[in-house]
Protein chains: 2
Amino acid sequence: MSEPPESETPPPRSPKGERTRARILDSATELFSRSGFHAVSLRDIAAHAGLTHAGLLHHFPGKDSLLIEVLGRRDRTDAQAVFPGITHPGAPEPGPDERLRRLVGLVVRNSRTPGLVALYAKLSAEATDPGHPAHHYFRERYRVLREELTVLVEALQAASRPPVQGDPAVTARQLLALMDGLQTQWLLEPDAVVMEDLVTDFLHRLGLGPAAGAEGGGVSP
Amino acid sequence: MSEPPESETPPPRSPKGERTRARILDSATELFSRSGFHAVSLRDIAAHAGLTHAGLLHHFPGKDSLLIEVLGRRDRTDAQAVFPGITHPGAPEPGPDERLRRLVGLVVRNSRTPGLVALYAKLSAEATDPGHPAHHYFRERYRVLREELTVLVEALQAASRPPVQGDPAVTARQLLALMDGLQTQWLLEPDAVVMEDLVTDFLHRLGLGPAAGAEGGGVSP
DNA sequence: GTCTATATCGCGATAGAC
DNA sequence: GTCTATCGCGATATAGAC
């Protein structure tokens with residue numbers, strides 16, 4: 001995804017080619033998630049999908065484009081789960097509490113796929129290089145995430161008693177940074193970090209917790 | 001630095017070897033900062049330092065150990081600037097405001113070396129892999145940073161009026177995560193993010209700003 | 001359109017001459 | 001302490017068989 005939306009029609013593909021492509025994407029997702037990007041070769045992915053590495057390169061121009069298609073597929077799934085507004089502009093918007101619940105749910109879900117979290121962590125760092133093949137993809141990804149989190153924070157602020165001040169865009173940036181940074185700490189020490197607790201605690205201390213949610217216990221450091 | 005402190009005496013080296021070593025470390029720091037770890041070869045570094053890659057490997061057993069020495073040198077410098085207690089146990093501890101000022105100063109200083117910040121961002125993500133050569137280095141690094149930030153937060157909490165509740169270790173973890181995550185966003189869009197403002201704002205909204213500091217303007221999103 | 005086989009490149013690392 | 005020569009490896013690109 002070098003360009004924000006896909007305005008062009010993808011080239012027509014045969015049903016067999018389509019299935020092979022999907023098989024390759026599945027294999028790539030699994031292997032990338034397990035071992036990261038650099039540690040996995042095209043030969044590994046091709047073997048896992050049941051063909052040779054040159055056969056794979058018939059379907060994807062190179063390792064980079066394969067990576068970006070893997071990421072795009074995953075992001076589209078996640079975005080629909082938390083922010084239905086992205087893909088279905090007319091759909092009914094859930095309330096702030098429900099959206100917060102979904103966001104935390106996404107964090108919890110991430111905790112079950114450390115391989116993919118690690119892949120995103122590595123790539124979002126690598127892709128800060130303007131020459132990286134996924135640079136534009138990640139710039140766009142962060143822009144969209146920031147926008148959606150800003151809307152969420154706005155809704156939480158409006159629903160908070162007493163009303164919370166502050167620029168929602170600033171809080172959204174901080175929230176996004178917090179989630180990213182916690183992933184690194186969690187990957188380093190999976191048993192010492194409960195990401196969703198630390199995210200919830202952060203919002204709580206800003207007065208943006210669930211409208212009537214009474215958080216019982218403490219938070220593990 | 002595979003082990004926490006260095007309890008062993010380094011092998012004696014000739015003055016010439018020492019100079020060559022330093023030249024190699026300088027070159028490695030510059031090239032790693034510019035292009036990252038994987039994108040730079042030992043041949044690149046050796047050429048920049050004025051020898052061949054085999055000559056370089058006489059001074060460092062491998063690319064990994066070279067990397068870790070580059071990181072260690074930088075970290076030692078930074079730690080002394082902000083947390084004099086680490087290297088000089090008996091030295092007088094500065095007050096909470098002064099330590100906060102130094103921490104923010106470190107963030108500002110980082111803003112002037114995007115290459116090194118990018119290197120750390122890439123490596124701390126890569127090194128989450130338990131098999132990565134710098135894995136233990138980064139686990140130890142985060143442990144120390146967390147401890148020092150916990151002490152800082154404790155001091156800020158004690159100095160705050162009214163006193164701020166909460167587990168300092170939790171806040172320290174969140175602060176560390178925030179700083180890490182902001183680096184990624186800043187590297188992606190250098191002109192759109194002022195890291196020190198967002199860090200200061202975060203502490204401010206937790207009631208942990210400088211004791212008498214009146215923040216004038218707003219914060220850019 | 002789909003895939004295999006082959007060739008080339010640059011990498012980290014080692015051995016041994018000087 | 002530094003070099004040349006060389007190894008095995010993985011990523012990538014191309015030619016052409018089916």
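Proteins come first, then strands; the chains are lettered A, B, ... in the order of their sequence lines, and each starts at number 1.
Rounded to an integer number of Å, the gap from CD of E18(B) to P of dG1(D) is 10 Å. Per the geometry, NE2 belonging to H38(B) stands 11 Å off C1' belonging to dC11(C), to the nearest Å. Rounded to a whole Å, the CZ atom of R21(A) is 13 Å from the P atom of dC3(C). Taking atom CG of L57(B) as the reference point, atom P of dT2(D) lies 12 Å away to the nearest angstrom. Rounded to an integer number of Å, the gap from CG of L42(B) to P of dG12(C) is 4 Å. Rounded to whole Å, atom C1' of dG1(D) lies 12 Å from atom CZ of R19(B). With rounding to whole Å, D44(B) atom CG is found 10 Å from dC11(C) atom C1'. At whole-Å resolution of the value, CD1 in I45(A) and C1' in dA11(D) are 12 Å apart.
Under a 4.0 Å N-O distance rule, the pair E126(B)/K122(A) does not qualify as a salt bridge. The pair D26(B)-R73(B) meets the salt-bridge criterion, since a charged nitrogen lies less than 4.0 angstrom from a carboxylate oxygen. Remark: R99(B) engages E148(B) in a salt bridge, criterion side-chain N to carboxylate O under 4.0 Å.
Between S41(A) and dA11(D) there is a side-chain N or O to OP1 or OP2 distance below 4.0 Å. Of the side-chain N and O atoms in H58(B), none sit less than 4.0 angstrom from OP1 or OP2 of dT2(D). Side-chain N/O atoms of T20(B) include one lying less than 4.0 angstrom from OP1 or OP2 on dT2(D).
In the set dC3(D), dT14(D), dG1(D), dC3(D) carries the atom at the smallest distance from any side-chain atom of A54(B).
Aromatic ring pairs are classed by plane angle as parallel below 30°, tilted from 30° to 60° and perpendicular above 60°; the pair H132(B) and F37(B) is tilted.
Within 4.0 Å of L51(B), counting heavy atoms only, lie sugar-phosphate atoms of the nucleic acid but no base atom. Within the 4.0 angstrom heavy-atom criterion, only backbone atoms of the sugar-phosphate kind lie near G62(B); the bases stay farther away. Within the nucleic acid shown, T52(A) comes within 4.0 Å of at least one base atom, counting heavy atoms only.
Applying the 3.5 Å distance criterion, the base of dA11(D) shares no donor-acceptor pair with the side chain of H53(A). Contact annotation: side chain of R43(B) to base of dG10(C), donor-acceptor pair absent below 3.5 Å.
Distance check: L178(B) CG to Q174(A) CD gives 6.0 Å after rounding to the nearest 0.5 Å.
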